[in-house]
Amino acid sequence: MGLALGVASAVSVGEIDYVWTILRAHLAYVPAVWTVLAVAACLYGILPLAVGAVWALFGFAMIIGTFGPLMDLPRWVHDLSPFEHIARLPMDTLSWTPLIVLTIVALAVSAIGLAGFRHRDLETT
């Protein structure tokens, strides 16, 4: 999606630099998406009937991202969304720390889900 939007922007504006700028802005969100997917994997591994609850996290993140500034909520509520820690490229400067931390969190939560899945008494043939 980022590549397609970057190419379309570059063609419409006439500057090839837009391809990389917009692609980089989209790729910055990958660790946040991994975190949401890791929560889904963790719920599936530990409590499979609750895996649908990950939609609440996704919905919360989208509401905070869209309407958060209008809601005048405390900062800690905004910080619960993994998408709030990502720099708004190209307006902000890219900070690697949140991307690395979100990736580590995603790996850890995925590992917890995998451990939970392995301890379930599933019968395989």
Same cluster or not: are Ile100 and Val33 linked, directly or through other Ile, Leu, Val, Met, Phe, Trp or Tyr residues, by side-chain heavy atoms under 4.5 angstrom apart? yes
Give me the atom names and distance for the closest heavy-atom approach of Val77 to Phe60. O-CZ, 3.3 Å
For Ile46 and Ile112, what are the C-alpha separation, side-chain angles and deciding distance, and is it a side-chain contact (heavy atoms from CB on, under 4.5 Å)? CA-CA 8 Å; Ile46 294 175; Ile112 292 169; 3.5 Å; yes
Hey, any chance Val39 and Met62 share a hydrophobic cluster, counting ILVMFWY side chains that come within less than 4.5 Å of each other, even indirectly? yes
What's the shortest heavy-atom distance between Gly6 and Val19, and which atoms? O-CG2, 3.6 Å
Start with the C-alpha distance between Trp34 and Leu107, add both sets of side-chain angles, then the distance that settles side-chain contact (heavy atoms from CB on, under 4.5 Å), and finish with yes or no. CA-CA 8 Å; Trp34 285 341; Leu107 289 171; over 6 Å; no
So for atom CZ, which belongs to Phe58, do other residues, nucleotides or ligands contribute more than 12 heavy atoms lying within a distance under 6.0 Å? no
Is the backbone N or O of Ser9 less than 3.5 Å from a side-chain atom of Ser12, with the two atoms forming a donor-acceptor pair by type? yes
Sub-4.5 Å side-chain heavy-atom contact between Leu94 and Leu99: yes
For the CE atom of Met71 and the CD1 atom of Ile63, what is their distance to the nearest 0.5 Å? 6.5 Å
Under a single-linkage definition using a 4.5 Å side-chain heavy-atom cutoff for Ile, Leu, Val, Met, Phe, Trp and Tyr, are Ile104 and Leu37 assigned to the same hydrophobic cluster? yes
For Leu102, does its backbone N or O pair with a side-chain atom of His85 as donor and acceptor, under 3.5 Å? no
Nearest heavy-atom pair of Phe83 and Arg88: which atoms, and what distance? O-NH1, 3.3 Å
Hey, does Leu57 have a side-chain heavy atom less than 4.5 Å from the side chain of Pro82? yes
Membership question, hydrophobic clusters at under 4.5 Å side-chain separation (ILVMFWY): are Leu89 and Met1 in the same one? no
Take the angle between the ring planes of Phe117 and Tyr44 and call it parallel below 30°, perpendicular above 60°, tilted in between. parallel
Point-to-point distance, once rounded to the nearest 0.5 Å, from CG of Leu3 to CG of Leu27: 9.0 Å
Shortest non-hydrogen contact between Ala53 and Leu43, atoms and distance: CB-CD1, 4.2 Å
What heavy-atom pair brings Ala87 and Thr93 nearest, and what distance separates the two atoms? CB-O, 3.4 Å
Distance col, row Asp79:CG vs Leu73:CG, nearest 0.5 angstrom, shows 11.5 Å
Of all heavy-atom pairs linking Ile64 and His78, the shortest is CG2-ND1, 3.5 Å
Spell out, as yes or no, whether a donor-acceptor pair under 3.5 Å connects the side chain of Ser110 to the backbone of Ala38. no
Say whether Ile86 and Leu23 are linked into one hydrophobic cluster, either directly or through other cluster members, by side-chain heavy-atom distances under 4.5 angstrom. no
